[in-house]
Undergrad: 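Before we start, here is the structure in question, set down as structure tokens.
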Amino acid sequence: MHVNKFILKGIGNNSFRINYEASLNKQQLEAVTAGKGPILVIAGAGSGKTRTITYRVAWLLDCGVPPERILLLTFTNKAAKEMLHRVEHLLSGEARKIWGGTFHHIGNLILRRYAHLLGYNNNYTIIDREDSRDLLDLCLTDLNIDIKKRRFPKSDILSDIISLAISTEENVEKIVKGKYPFFSEQIDEIKRVLESYQNRKRKLNLMDFDDLLLNWKKLLIEYPDIKDIYSENFLHILVDEYQDTNKLQSEIIDLMASYHRNIMVVGDDSQSIYSFRGANFANIIDFPKRYPDAKIFKLEINYRSTPHILWLTNCIIAGNKKQFPKKLRAVKKGNFKPVFVPLRSVNQQAEFVAQRILEIRDEGRSLKDIAVLYRSHYHSLELQMELTRRGIPFVVRSGLRFFERAHIKDVTAYLKIILNPRDELSWKRLLKMLPGVGNVTADRIWKDISGSDKPLERVKSKQILDVFSRKIPKEWKKFTDLILSLQDDSLRKNPGGMIQFILQQGYKEYLQSKYPDYEERIEDLNQLSSFARDYSSLKSFLSELALLGSVESETVLTGGDEDECVILSTVHQAKGLEWPVVFVIWLADGRFPAAKALRNPENLEEERRLLYVATTRAKEELYLCYPIIGGNWRQATIMKPSRFLKEIDEDTYEQWIVDEEVETLLERMEKRDYLLD
């Protein structure tokens, strides 16, 4: 077994307290014992990345590197504590002096000493996201920008804009035009608010999370002597999950490593999936360009998945042009081939997954060993409903259960008051969405309309305007017109159409001005609308929702354990996790990959990486599901299977046909060339 002697020179092998050759495989050992200089470790999924970093730190200590001269940067405090705890276990006592933690933690440690050089006091207060939003609200007030009277980005949106601008080092104008184009005409005012926000923080001696990184870099650039102190002190710098770093973090790392250049970055380019948060894929893919003398090590021995699963995942990622090529190889055994399951519709997809989950449970597996993964949160709608109907307990890791989300409750509140005009909770929810209407005014309006024989007509009357103690909201007429339109008999027989009508009559703009993830929320409502089109009356649709919503997330199967729940998650939320059984659903072009990625090669490659992450979560069984028909019986659309599925070698999976109707549908599609274009 080869062991790098660059740092070991002069140190006898007997001085090591750990038998590295016995503890690591060959690939891990070569990375752990690599010499000085820049090092890139491409750690494939399930290849023992954490173990490699841990033993690298232990090996440095074993070679005599003082612990206080090692810097370990991670993305979570949990990861740093876990690694340092393992080092502590391997080499008792020494790990406590290592500089280890998140980028924000290390930035804070340094700024506590030197913040005064940047115009702060060293006792500055760190504000969280909620405090940041509150401060932005104060800035809006100071500048006399009343977001309740006109359409202007709320503090959540403003916070997202400034965070993206800092992490990507792009100007505010580019961020707004790229992500929030409907606010382009207000860029000058947005800049004024953000400038006021920065000034207020400085004046009040506050830093938000982004400031900890921005000011850390600023300190290193504006005060070269301080940069020299730290870059000379840290003999070795290690960075975990390097593929997730943004441009700002990458530049900080380069500055901190500028003296000794002993930097080891560990990550997997094939798992770079967070560009929407500002992560920069170029950091890892271009590392050898920034450090031409970098040594590159690959960890390709996978301890998680069976050979058949890895064969399929290798096929998936092979389609990407920009990557460090690697082939994952399995250690564990297993003969179960991944299964490709074309289904007639999204409802049959949900039925298949639910039925197969019950079968797997009957085979002796725990429900918590099963995960269902999807590209976007709204893809879980039909499955949540089907699991609820069958009494299968589940936990949604990608957010709240579908019907618990604010925008779903908002829209269904409109439908509820049309069906039952005396629904006080729904009325007050809708009224308080209006600018200038709080609890007191909403209660007055409710008391007025509830005293009427015809509340839906009373809300449109002139007399109700006397209830307002202040100026009547300019949105009032639009609100009452919407209520009036929803009463139309043709709409009441089409709950899906009602939902679309609500979106078109102002609720879409409401979402855009309030939520950074407005696109996903609009997709949620489009999916709800599609689902609702299967119901011919508002009453039947709301009755179904009420029954589905009555099942609490804690409900378990008879005789089950509270921890016995199937996991539902987006792929983004599932990164870093693993399960014996994984279903990936909605594998149709336009869904996975997402439609907005189809026009951009770089985005399409990230979507392929996303599927790679999804499939590498599976340890023993993997099911890839694709609904042939989208929409519903009134508005059905033929969908093509994900282009990524067509890239996979057919020998890597089995295809299950669940009934003759699916087989017939596939034959018809093949004759019409649907699968070939």
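Owing to the predicted nature of the structure, the values given are computational and were not obtained by experimental measurement. When reading the values below, keep in mind they use all heavy atoms of this one structure, side chains included, and skip hydrogens, waters and symmetry mates.
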Undergrad: Quick test of your reading: applying ring-ring contact (aromatic ring centres under 6.0 Å, His included), list the pairs with at least one residue in residues 169-208, sequence neighbours left out, ordered by first then second residue.
TA: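 Every ring-ring contact (aromatic ring centres under 6.0 Å, His included) pair that includes a residue of residues 169-208, provided the two are not neighbours, is Y180-Y518, F182-Y518.
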Undergrad: Of all residues at least two apart in sequence or in a different chain, which pass the side chain to side chain contact (heavy atoms under 4.5 Å, CB included) check with A43?
TA: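 A43 satisfies side chain to side chain contact (heavy atoms under 4.5 Å, CB included) with S47, K49, V266, L299 once adjacent residues are dropped.
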Undergrad: Can you tell me how far apart CG (D188) and CD (E173) are? Round to the nearest 0.5 Å.
TA: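 D188 CG to E173 CD: 8.0 Å, rounded to 0.5 Å.
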Undergrad: Are the side chains of I53 and L72 in contact, using a 4.5 Å heavy-atom criterion?
TA: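 With C-beta onward as the side chain, the pair touches.
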Undergrad: May I ask you to say whether E578 pairs ionically with R304, meaning some side-chain N is under 4.0 Å from a carboxylate O?
TA: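 So E578 pairs with R304 through a salt bridge.
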Undergrad: In Å and rounded to the nearest 0.5 Å, what is the CG to CG distance from L255 to L220?
TA: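 CG of L220 is found 5.5 Å from CG of L255.
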Undergrad: Closest heavy-atom contact between S132 and I127?
TA: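 Nearest heavy atoms, S132 then I127: CA-CD1, 4.0 Å.
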Undergrad: What are the two closest non-hydrogen atoms of G100 and L84, and how far apart are they?
TA: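 In terms of heavy atoms, the two residues are closest at CA-CD1, 4.1 Å.
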Undergrad: Any Lys/Arg nitrogen of D208 or R129 sitting under 4.0 Å from an Asp/Glu carboxylate oxygen of the other?
TA: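 Judged by the 4.0 Å cut-off on N to carboxylate O distance, D208 and R129 do not form a salt bridge.
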Undergrad: Taking side chain to side chain contact (heavy atoms under 4.5 Å, CB included) as the definition, give me every residue that meets it alongside P224, ordered by chain and number, with sequence neighbours left out.
TA: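 Not a single residue meets the side chain to side chain contact (heavy atoms under 4.5 Å, CB included) criterion with P224.
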Undergrad: Would you check, one step at a time, whether the test salt bridge (charged side-chain N to carboxylate O under 4.0 Å, His left out) holds for D210 with K201?
TA: CA-CA 12 Å; D210 294 314; K201 285 187 296 179; over 6 Å; no
Undergrad: Quick one: list whatever passes salt bridge (Lys or Arg N to Asp or Glu O under 4.0 Å) with E606, sequence neighbours left out.
TA: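 E606 satisfies salt bridge (Lys or Arg N to Asp or Glu O under 4.0 Å) with R609 only.
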Undergrad: Between the main-chain N or O of N19 and the side-chain N or O of S23, is there a donor-acceptor pair closer than 3.5 Å?
TA: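 Answer holds: yes.
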Undergrad: Could you list the residues that satisfy side chain to side chain contact (heavy atoms under 4.5 Å, CB included) with H85, not counting sequence neighbours?
TA: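 Expected list: none.
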Undergrad: Run the salt bridge (Lys or Arg N to Asp or Glu O under 4.0 Å) test against R112 and tell me which residues pass, sequence neighbours left out.
TA: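 Counting only residues at least two positions away or on another chain, R112 forms no salt bridge (Lys or Arg N to Asp or Glu O under 4.0 Å).
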Undergrad: So T125 and Y120, do their side chains get closer than 4.5 Å, heavy atoms only?
TA: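 No; the side chains remain at least 4.5 Å from each other.
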Undergrad: Would you say F297 and I42 make side-chain contact, with heavy atoms under 4.5 Å?
TA: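 Sidechains of I42 and F297: no contact.
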Undergrad: Any salt bridge linking K179 with D160? Criterion: basic side-chain nitrogen under 4.0 Å from a carboxylate oxygen.
TA: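 Judged by the 4.0 Å cut-off on N to carboxylate O distance, K179 and D160 do form a salt bridge.
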Undergrad: Taking the side chain as C-beta and beyond, is there a heavy-atom pair between L511 and H407 under 4.5 Å?
TA: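 Yes - at least one pair of side-chain heavy atoms lies under 4.5 Å apart.
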Undergrad: Rounded to the nearest 0.5 Å, how far apart are CD1 of I98 and CD of E88?
TA: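 Separation between the atoms: 8.5 Å.
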Undergrad: Where do A257 and I263 come nearest, in terms of heavy atoms and distance?
TA: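 So the minimum-distance heavy-atom pair works out to CB-CB, 4.0 Å.
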Undergrad: Supply the atom-to-atom distance L135 CG to L158 CG, rounded to the nearest 0.5 angstrom.
TA: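 Output value for this atom pair is 11.5 Å.
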Undergrad: Over all heavy atoms of both residues, which pair between A165 and V172 is shortest? Give the atoms and the distance, please.
TA: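 Between these two residues, the closest heavy atoms are CB-CG2, 4.3 Å.
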Undergrad: Taking all heavy atoms of L373 and all of A574, pick out the closest pair and write down the distance.
TA: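 So the two residues come closest at CD2-CB, 3.8 Å.
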Undergrad: Work out which heavy atom in P288 is nearest to a heavy atom in I296; give both atom names and the distance.
TA: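 Smallest interatomic distance, heavy atoms only, reads CG-CD1, 3.9 Å.
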Undergrad: Drop me the distance from D156's CG to D517's CG, to the nearest 0.5 angstrom.
TA: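 Taking CG in D156 and CG in D517, the distance rounds to 9.0 Å.
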Undergrad: Quick one: which residue pairs count as a ring-ring contact (aromatic ring centres under 6.0 Å, His included) with a foot in residues 261-291, not counting sequence neighbours?
TA: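 Sorted result for residues 261-291: Y242-F287, Y274-H572, F276-H572, F287-Y291.
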Undergrad: Please confirm whether the backbone N or O of K227 pairs with a side-chain atom of S231, one donor and one acceptor, at under 3.5 Å?
TA: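 Answer holds: yes.
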Undergrad: To the nearest 0.5 Å, what is the distance between CZ (F103) and NE2 (H105)?
TA: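 Answer for the CZ-NE2 pair, F103 versus H105, is 13.0 Å.
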Undergrad: Do Q512 and I157 have side chains that approach each other closer than 4.5 Å (heavy atoms only, starting at C-beta)?
TA: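 Result no, sub-4.5 Å side-chain heavy-atom pair not found.
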Undergrad: For N603, check side chain to side chain contact (heavy atoms under 4.5 Å, CB included) against everything at least two apart and list the hits.
TA: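 So N603 forms a side chain to side chain contact (heavy atoms under 4.5 Å, CB included) with A597, N600.
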Undergrad: With R617, which residues qualify under salt bridge (Lys or Arg N to Asp or Glu O under 4.0 Å), at least two apart?
TA: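 Per chain and number, R617 pairs via salt bridge (Lys or Arg N to Asp or Glu O under 4.0 Å) with no residue.
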Undergrad: Which one of L212, I106, N122, L117 satisfies the side-chain contact (heavy atoms from CB on, under 4.5 Å) criterion with L111?
TA: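 Running side-chain contact (heavy atoms from CB on, under 4.5 Å) over L212, I106, N122, L117 with L111 returns exactly one hit, L212.
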Undergrad: Please list, chain by chain and in numerical order, all residues satisfying salt bridge (Lys or Arg N to Asp or Glu O under 4.0 Å) with E170, sequence neighbours excluded.
TA: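 E170: salt bridge (Lys or Arg N to Asp or Glu O under 4.0 Å) contacts with K174.
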Undergrad: Taking the side chain as every heavy atom from C-beta outward, state whether Q271 and Y612 have any pair of such atoms under 4.5 Å apart.
TA: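 Contact flag for Q271/Y612 side chains = yes.
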Undergrad: Could you tell me whether a side-chain N or O of T141 sits under 3.5 Å from a main-chain N or O of D137, the two making a donor and an acceptor?
TA: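 Checking the backbone N and O of D137 against the side chain of T141, a donor-acceptor pair under 3.5 Å is found.
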Undergrad: Tell me, which pairs form a ring-ring contact (aromatic ring centres under 6.0 Å, His included) where one or both residues lie in residues 211-231, sequence neighbours left out?
TA: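 Every pair satisfying ring-ring contact (aromatic ring centres under 6.0 Å, His included) with a residue in residues 211-231: there are none.
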Undergrad: Do K191 and E195 meet the salt-bridge criterion of a basic N to acidic O distance under 4.0 Å?
TA: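 K191 and E195: not salt-bridged.
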Undergrad: Do the non-hydrogen side-chain atoms of I284 and V265 ever get within less than 4.5 Å of each other?
TA: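 No, too far: nothing below the 4.5 Å cut-off.
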Undergrad: So, D286 and K322, do they make that salt bridge, N to O below 4.0 Å?
TA: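 Salt bridge: no.
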Undergrad: Flag this pair as yes if the NZ/CZ of R521 is under 6.0 angstrom from the six-membered ring centre of Y515 and inside a 45 degree cone about the axis; otherwise no.
TA: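 Yes, R521 sits over the ring of Y515.
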Undergrad: Can you find a heavy atom in the side chain of L73 that is under 4.5 Å from one in the side chain of D240?
TA: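 In short, these two side chains do not touch, never coming nearer than 4.5 Å.
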Undergrad: Is any NZ, NE, NH1 or NH2 atom of the basic residue among K321 and E605 found under 4.0 Å from an Asp or Glu carboxylate oxygen of the other?
TA: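 No salt bridge links K321 with E605.
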Undergrad: Provide the full list of salt bridge (charged side-chain N to carboxylate O under 4.0 Å, His left out) pairs with a residue in residues 244-260, sequence neighbours left out, each pair given once.
TA: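 Qualifying pairs, neighbours excluded: E169-K247, K217-E251, D244-K575, K247-E251, D254-R290.
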Undergrad: Stepwise, does the side-chain contact (heavy atoms from CB on, under 4.5 Å) test hold for K295 with L40?
TA: CA-CA 6 Å; K295 293 185 284 290; L40 171 61; over 6 Å; no
